[in-house]
Amino acid sequence: MIRRRSTPGIHKWSRPAIVAIAGFGILNTGYLTFEKLTGSTPVCTTPENVKGCVDVLSSPWATVLGQPLPLFGLLAYISMFIFALAPLALNSRGNHKNQKQLENVTWWLLFIGAIAMSVFSGYLMYVLAFQLKAICLYCIASALFALTMLVLTVMGRDWEDIGQMLFTALIVAMVTLIGTLGVYSQVNLSSNITESTDGKPTAITFTPKEQPNPEFGWEITTKSSVAEIALAEHLVKSGAKEYVAYWCPHCHEQKLLFGKEAYQIINDNSKVECAGDSPNGKPELCKAAKIESFPTWVINGKSYSGVQNLEELGKITGYTGPKNFKYFR
């Protein structure tokens, strides 16, 4: 009697496991996509004085082709979910005619998708560690999901042609890496501020091209007008407080909106540095104020997170002085 070779356990549960992991990936990226598109701040837990996911998700790498990066991750996880689930759904209906062919096709699609996602996630982990020097639990979780799906895909079936599998993996990895580098080759890592000559406000954008100084962050390159100086003096008189971290690019954008002269007034009277490794740091005050992201303005007992246009700060505090501000975001 010929004994049947038993099917390894991992072959039986690899697809359901991929479905489950892709489901977690959908929840992860779906949440971040929603927060990004609605302008909300995702819930992030990171050690004190370490850049976290808010800064990562607002960095230049968090946008691809004008769309939020989590949206592309969401589409990728949905695809993997469908590829893994399709043969299982067909099998549950008792239709075995095309199931074998569908399994073969979807295994290759899962393999290609997992390779591409793992390579792309690997690049993002490099950016996270060496460019942004931050901790983003959502990003790390997504990278682990992609890597786990790749392992399950490779081990989840008997690959008849190992050479073809390795050749395909090499081609997909190279194409993904070249495409990734091409997409991010246009990332602007410098200030992009050109003052208008027609009297209209100038848009402020900033991403760092050098490491910040723990004492003051980056140099303020914009100049203040009478309006910015008047607003800064009004904010000080009204008791407004700005909580910042020297390494936060958005905090620097807030500085650029005021300009060098006006922000010096804020710096001397209303700014609270939250980074503990700064010589000016007072993290205990930030913790007492329950500051979760930077910059955060506390005005009349209410918190306002994120960069605030000067016109908005004026409205909040009842400012009635000149309002021909030079910059906006």
task: Go through the steps for F258 and Y327 under the test ring-ring contact (aromatic ring centres under 6.0 Å, His included), then give the verdict.
output: CA-CA 8 Å; F258 277 99; Y327 309 103; over 10 Å; no
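- To the nearest 0.5 Å, atom CD1 of residue I18 and atom CH2 of residue W13 are 9.5 Å apart.
- I140 contributes atom CD1, which lies 6.0 Å from atom CG of L128 (distance to the nearest 0.5 angstrom).
- More than 12 non-hydrogen atoms from other residues, nucleotides or ligands lie less than 6.0 angstrom from CZ of F328.
- Under the 3.5 Å distance criterion, the side-chain polar atoms of Y184 are matched with a main-chain donor or acceptor of W61.
- When all heavy atoms of G23 and F81 are compared, the closest pair comes out as N-CD1, 4.1 Å.
- Distance check, rounded to the nearest 0.5 Å: CD of E228 to CD of E261 gives 9.5 Å.
- To the nearest 0.5 Å, atom CG of residue L110 and atom CG of residue L150 are 10.5 Å apart.
- Using a 4.5 Å heavy-atom cutoff, the side chains of W297 and Q254 are in contact.
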- request: Check step by step if side-chain contact (heavy atoms from CB on, under 4.5 Å) holds for L313 and I299.
  value: CA-CA 9 Å; L313 287 174; I299 302 171; 4.0 Å; yes
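- In the hydrophobic clustering of ILVMFWY residues, with side-chain heavy atoms under 4.5 Å counting as a link, L181 and I171 come out apart.
- Not a single donor-acceptor pair under 3.5 Å links the side chain of K271 to the backbone N or O of Y243.
- Of all the heavy atoms in K326 and K223, the pair that sits closest is NZ-O, 3.1 Å.
- The two residues S118 and A146 come nearest to each other via the heavy atoms OG-O, 3.3 Å.
- No continuous path of hydrophobic side-chain contacts links L310 to V236 [ILVMFWY only; heavy atoms under 4.5 Å].
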message: Would I291 and V298 count as a side-chain contact (heavy atoms from CB on, under 4.5 Å) here? Give the steps.
response: CA-CA 9 Å; I291 303 302; V298 176; 4.3 Å; yes
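- Side-chain contact between P283 and C274: absent, with no pair of heavy atoms (C-beta onward) separated by less than 4.5 Å.
- Transitive grouping of hydrophobic side chains (ILVMFWY, heavy atoms separated by less than 4.5 Å) brings V151 and M149 into a common cluster.
- Closest approach of P279 to P214, counting heavy atoms only: CD-O, 3.6 Å.
- For E273 (side chain) and N280 (main-chain N/O), no donor-acceptor pair under 3.5 Å exists by modelled atom type.
- Hydrophobic clustering (ILVMFWY, side-chain heavy atoms < 4.5 Å, transitive): L75 and V172 are in distinct clusters.
- Counting only distance, with no hydrogens or angles, the side chain of S224 and the backbone of I229 share no donor-acceptor pair below 3.5 Å.
- Two rings, from F120 and F72, have their centers 6.0 Å or more apart.
- A donor-acceptor pair under 3.5 Å is absent between the side-chain atoms of E233 and the main chain of A230, judged by distance alone.
- In this structure, the side chains of N28 and Y77 stay at 4.5 Å or more apart for every pair of heavy atoms.
- For Y304, the OH atom counts as densely surrounded, since its 6.0 Å shell holds more than 12 non-hydrogen atoms of other residues, nucleotides or ligands.
- Between K260 and I220 the shortest heavy-atom distance is N-CG2, 3.5 Å.
- No donor-acceptor pair closer than 3.5 Å links the side chain of S270 to the backbone N or O of K241.
- Among pairs with a residue in residues 306-323, those fulfilling side-chain hydrogen bond (donor to acceptor under 3.5 Å, both in side chains) read H234-T317, at least two apart in sequence or across chains.
- Two residues are said to be in side-chain contact when any heavy atoms from C-beta on lie closer than 4.5 Å; I204 and V307 fail this criterion.
- Looking only at side-chain heavy atoms (C-beta outward), T153 and S14 stay at 4.5 Å or farther from each other.
- The shortest distance between side-chain heavy atoms of N300 and I316 does not fall below 4.5 Å.
- L124 contributes atom CG, which lies 8.5 Å from atom OG of S142 (distance to the nearest 0.5 angstrom).
- Of the possible donor and acceptor atoms, one in the side chain of T180 sits under 3.5 Å from a partner among the backbone N and O of T176.
- Residues I82 and S79 have side chains not in contact (no heavy-atom distance under 4.5 Å, counting atoms from C-beta outward).
- Of all heavy-atom pairs between A227 and P322, the closest is CB-O, 3.5 Å.
- Checked against the 6.0 Å centroid threshold, W218 and F206 count as a close aromatic pair.
- For the pair S278/E215, no side-chain contact is recorded, criterion being any heavy-atom separation below 4.5 Å from C-beta on.
- A distance-only check finds a donor-acceptor pair linking the side chain of R15 to the backbone of E103 [under 3.5 Å].
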task: Given side-chain contact (heavy atoms from CB on, under 4.5 Å), test V272 with C286 step by step and report yes or no.
output: CA-CA 8 Å; V272 180; C286 304; 3.9 Å; yes
- request: Determine, stepwise, if the pair W107 / F83 fulfils ring-ring contact (aromatic ring centres under 6.0 Å, His included).
  value: CA-CA 8 Å; W107 271 122; F83 296 154; over 10 Å; no
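- Taken together through direct or relayed side-chain contacts under 4.5 Å among Ile, Leu, Val, Met, Phe, Trp and Tyr, L256 and V226 form parts of separate hydrophobic clusters.
- Every residue two or more places apart in sequence or in another chain that forms a ring pair (Phe, Tyr, Trp, His ring centres under 6.0 Å) with W159 is listed here: W108, F111.
- Put simply, the side chain of S238 gets close to the backbone of L235: a donor and an acceptor are under 3.5 Å apart.
- Atom CE of M165 has more than 12 heavy atoms from other residues, nucleotides or ligands within 6.0 Å.
- The OH atom of Y263 sits 11.5 Å away from the OG1 atom of T222 when rounded to the nearest 0.5 Å.
- At most 12 heavy atoms of other shown residues, nucleotides or ligands fall within 6.0 angstrom of atom CD in E160.
- Without hydrogens or angle criteria, T296 side chain to S293 main chain gives a donor-acceptor distance under 3.5 Å.
- Under a cut-off of 6.0 angstrom, the local environment of CG in D161 is crowded, with over 12 non-hydrogen atoms contributed by other residues, nucleotides or ligands.
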